[in-house]
Structure formats: structure tokens, C-alpha cells
Protein chains: 2
Amino acid sequence: MRTRRLHAVPVPAAPAAEPGQETTADEPLWRHLLGARLRRLRTDRGQTLTETAERAGISPQYLSEIERGVKEPSSEMIAAVAGALGVTLLDLTVAVARELSGLRTTAERQLVRNVARVLSLAA
Amino acid sequence: MRTRRLHAVPVPAAPAAEPGQETTADEPLWRHLLGARLRRLRTDRGQTLTETAERAGISPQYLSEIERGVKEPSSEMIAAVAGALGVTLLDLTVAVARELSGLRTTAERQLVRNVARVLSLAA
DNA sequence: GGTGAGCTTCTGCTCTGAGCGGAGCACCGC
DNA sequence: GCGGTGCTCCGCTCAGAGCAGAAGCTCACC
């Protein structure tokens with residue numbers, strides 16, 4: 001797990017967002033989404049950590065860490081693992097975007113339900 | 001610029017790609033595409049490196065490096081800079097996917113033109 | 001021409017964390 | 001019980017993340 005850095009990342013100040021543009025501060029992190037996608041692809045293909053890691057030229061331990069979002073892979077590593085799984089960076093970014101899009105839609109539905117619930121209690 | 005690692009990333013062996021699934025070995029790297037997108041967003045908003053970096057809680061020098069794809073930002077850094085620019089990870093991954101999609105389409109068009117040229121020379 | 005301001009990039013440094021080898025753990029079949 | 005397989009834990013080395021100071025670049029003003 002990533003430990004706290006000496007130079008910790010502070011919460012950014014409220015950005016001068018353009019009108020109509022919303023900021024979301026509670027998205028999952030890139031490495032978690034990416035890792036989950038990579039593991040899904042691998043297991044769907046019935047491959048072991050060892051097989052895929054060998055193809056990518058990395059250790060199975062490290063691939064496990066990447067998939068679990070424990071380690072931050074470099075861009076070259078992402079490309080190597082993608083290559084080993086027979087996918088592209090385009091495939092991965094599309095999949096992550098879809099995942100995030102689904103999460104946002106789910107969150108919005110929950111919000112609407114919660115607001116309706118609060119309004120019915122106030123009535 | 002990233003120097004060569006002690007544990008260099010070897011070219012992965014040919015993956016057991018599923019039929020119909022293509023492998024592309026010449027895509028740009030994630031950090032280059034991401035960085036370009038972040039710079040585009042920042043300059044479109046008329047913000048300086050210093051302003052955005054302050055909002056994100058990082059140094060202007062480092063933001064410059066991220067934008068130029070010289071350094072590999074962690075997932076938290078990506079989130080911090082996105083927040084400072086008033087965008088989300090979803091926005092970024094969608095933009096990167098679109099960029100890659102456009103590159104692939106352009107490459108395919110070039111390939112078709114080149115094949116046609118070779119055929120006309122052979123005739 | 002020179003000067004100053006603002007912005008970005010270069011350089012060199014510290015120390016964090018990427019990447020990995022050995023070991024541990026869980027599960028399965030014999 | 002055993003051995004085999006697949007994955008995770010643990011501790012380590014050193015590559016590179018992140019940054020401060022300096023340098024480079026552009027523009028406006030005198």
C-alpha cells in the first residue's frame with residue numbers, strides 16, 4: 001500500500017471552474033481502475049499471473065501488485081502488460097472511462113433517491 | 001527524460017491474442033497523452049503553470065514536467081491536477097481515448113493510401 | 001540599446017516508492 | 001500427511017518522483 005509521502009499531496013484549493021463544469025472529488029484512483037481492468041482481462045483469458053507476467057517481462061509478484069492497485073506502474077509497464085494481454089492503451093482507457101461513467105451514473109441515481117427520501121420525510 | 005532502468009522493460013513476447021483482436025505496439029505512452037491533455041486544458045483556461053500548480057498543491061516545475069510527459073505522476077497527483085483544472089479522471093480518460101482513437105483512424109487511412117500507392121506502382 | 005517582470009524549463013539533489021527475490025499462505029488432488 | 005499450483009506478503013536496492021534554485025525566453029517599457 002502506498003505510504004504517506006514526505007511531500008504529501010494536499011487537497012487542491014477550489015478551482016476556478018468554468019460555469020456549468022462540475023468537480024468530483026471522490027472518484028477512484030487511476031491505478032485502482034486500471035489494475036482491476038487488467039486483472040479482469042487476464043482472468044477472462046484464463047491466464048495465470050505467471051504466464052502474463054512472463055509475457056510482459058515482469059515478475060508475477062509485481063503484476064499482482066499492479067492489478068490490486070498497490071503499485072503505480074509506469075507508462076511503459078502499462079504498455080508491456082497491455083501487450084501481454086493483447087490489448088491497447090486505447091482499450092484500457094475506454095474501459096476505465098466506461099467504468100467511471102457507470103459509477104457517476106450510479107451516484108447520480110443514488111442522489112436523486114436520497115433527495116426524494118428527504119423531501120418525503122419533510123412533508 | 002526517463003533514463004533506462006536497471007530492470008529494463010523488455011519487449012513482451014507475442015501474446016496469445018484472441019482471434020480478431022489486434023495488438024498495437026506503436027501507441028504513444030499514457031503519460032505523454034495525459035500530459036498533453038492537461039496542458040491543453042490549462043492553456044485553454046488561460047491559467048499559468050504557477051496558478052494551476054498552486055491549486056494542485058505542487059510545484060510549477062513539476063507540473064511542467066508532468067505536462068511534457070517527462071515525469072510519471074502518481075494517481076493522486078493526476079487527481080490533484082485534475083481537481084485544480086476543474087475536470088475529473090473520467091474527463092481525462094475519455095479525452096485520451098479519443099486522442100488514441102483518432103490516431104488509430106489516421107494510421108489506418110495512411111495504411112490504405114500506402115497500399116494503393118504500392119499497387120499503382122506495380123501496375 | 002537596456003531593464004524588469006512574468007512565465008517556463010533546466011539542473012542537481014534528497015528520499016520515496018517501484019520492482020523484485022525469497023518466503024508464506026491457501027487450495028487441491030493423491 | 002505430501003507435493004504442486006497460484007497468489008500474496010515481506011524486506012530490500014536503487015531508479016526516479018518531486019522540488020528549490022538557477023537559467024532561459026518573451027514581452028513591454030524607457
Side-chain angles (χ1 to χ4, degrees), chain A residues 1-12 16 29-85, chain B residues 1-13 16 29-32 34-85:
Chain A
M1 192 61 182
R2 294 181 74 93
T3 59
R4 184 168 181 82
R5 297 183 179 208
L6 180 62
H7 304 291
V9 182
V11 179
L29 293 173
W30 159 250
R31 68 174 179 272
H32 289 138
L33 294 160
L34 173 69
R37 185 66 195 170
L38 291 173
R39 174 160 284 192
R40 177 64 186 273
L41 287 166
R42 177 177 63 82
T43 51
D44 280 355
R45 285 159 173 69
Q47 296 174 13
T48 63
L49 277 170
T50 306
E51 289 171 333
T52 306
E54 275 181 7
R55 281 207 198 87
I58 65 173
S59 73
Q61 300 93 308
Y62 185 48
L63 180 56
S64 172
E65 287 170 326
I66 290 172
E67 288 183 351
R68 288 176 285 127
V70 169
K71 295 291 171 79
E72 199 81 48
S74 67
S75 302
E76 284 89 353
M77 285 299 186
I78 294 170
V81 176
L85 290 167
Chain B
M1 193 61 185
R2 296 180 72 97
T3 60
R4 185 167 180 82
R5 299 182 177 208
L6 178 61
H7 304 292
V9 182
V11 178
L29 293 173
W30 159 250
R31 67 175 181 271
H32 289 139
L34 174 69
R37 185 67 195 172
L38 291 173
R39 174 160 284 191
R40 177 64 187 273
L41 287 166
R42 177 177 64 80
T43 52
D44 281 356
R45 285 156 172 68
Q47 295 174 15
T48 63
L49 277 170
T50 305
E51 289 171 333
T52 305
E54 274 181 8
R55 283 209 196 85
I58 65 174
S59 72
Q61 300 94 312
Y62 185 47
L63 180 56
S64 173
E65 287 169 327
I66 290 172
E67 289 183 349
R68 288 178 284 126
V70 170
K71 296 290 172 80
E72 198 82 48
S74 67
S75 302
E76 284 89 354
M77 285 299 189
I78 294 171
V81 177
L85 290 168

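Naming convention: chains lettered A, B, ... in sequence-line order (proteins, then strands); numbering from 1 in each chain. Only a predicted model underlies this, so the values are computations on that prediction, with no experimental measurement involved.
Regarding A/I66, its CD1 atom lies at a distance of 9 Å from the C1' atom of C/dA18, rounded to whole Å. Residue A/E72 contributes atom CD, which lies 10 Å from atom C1' of C/dG17 at whole-angstrom precision. Atoms NZ (A/K71) and C1' (D/dC9) sit 11 Å apart, rounded to a whole Å. Atoms CD1 (A/I78) and C1' (C/dA18) sit 13 Å apart, rounded to a whole Å. Look at CG on B/L63: it is 10 Å from P on D/dC19, rounded to the nearest Å. One interatomic measurement links the two molecules: CZ of A/R31 to C1' of D/dA17, which rounds to 14 Å at whole-angstrom precision.
Scored by the side chain to side chain contact (heavy atoms under 4.5 Å, CB included) test, B/T43 finds B/R39 as partners (sequence neighbours excluded). Scanning for salt bridge (Lys or Arg N to Asp or Glu O under 4.0 Å) contacts around A/E65 gives A/K71, with sequence neighbours left out. For A/R42, the side-chain hydrogen bond (donor to acceptor under 3.5 Å, both in side chains) partners are A/E67, not counting sequence neighbours. Annotation: side-chain hydrogen bond (donor to acceptor under 3.5 Å, both in side chains) contacts of A/S64 (sequence neighbours excluded): A/R68.
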### Dot-bracket line, read 5' to 3' along DNA chain D, where crossing pairs take [ ] and | marks a partner on another strand, Watson-Crick or G-U under 3.5 Å
||||||||||||||||||||||||||||||
Distances under 3.5 Å between nitrogen or oxygen atoms of protein and nucleotides 23-29 of chain C:
none

Give me, pair by pair, the N or O atoms of the protein and of nucleotides 5-7 of chain D that are less than 3.5 Å apart, along with how far apart they are.
from: D/dC7; atom 1: OP1; to: A/R42; atom 2: NH1; distance (Å): 3.0
from: D/dC7; atom 1: OP2; to: A/L49; atom 2: N; distance (Å): 2.6

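A side-chain N or O of A/T52 and one of A/Q47 form a donor-acceptor pair less than 3.5 Å apart.
Applying the 3.5 Å distance criterion, the base of D/dC19 shares a donor-acceptor pair with the side chain of B/E65.
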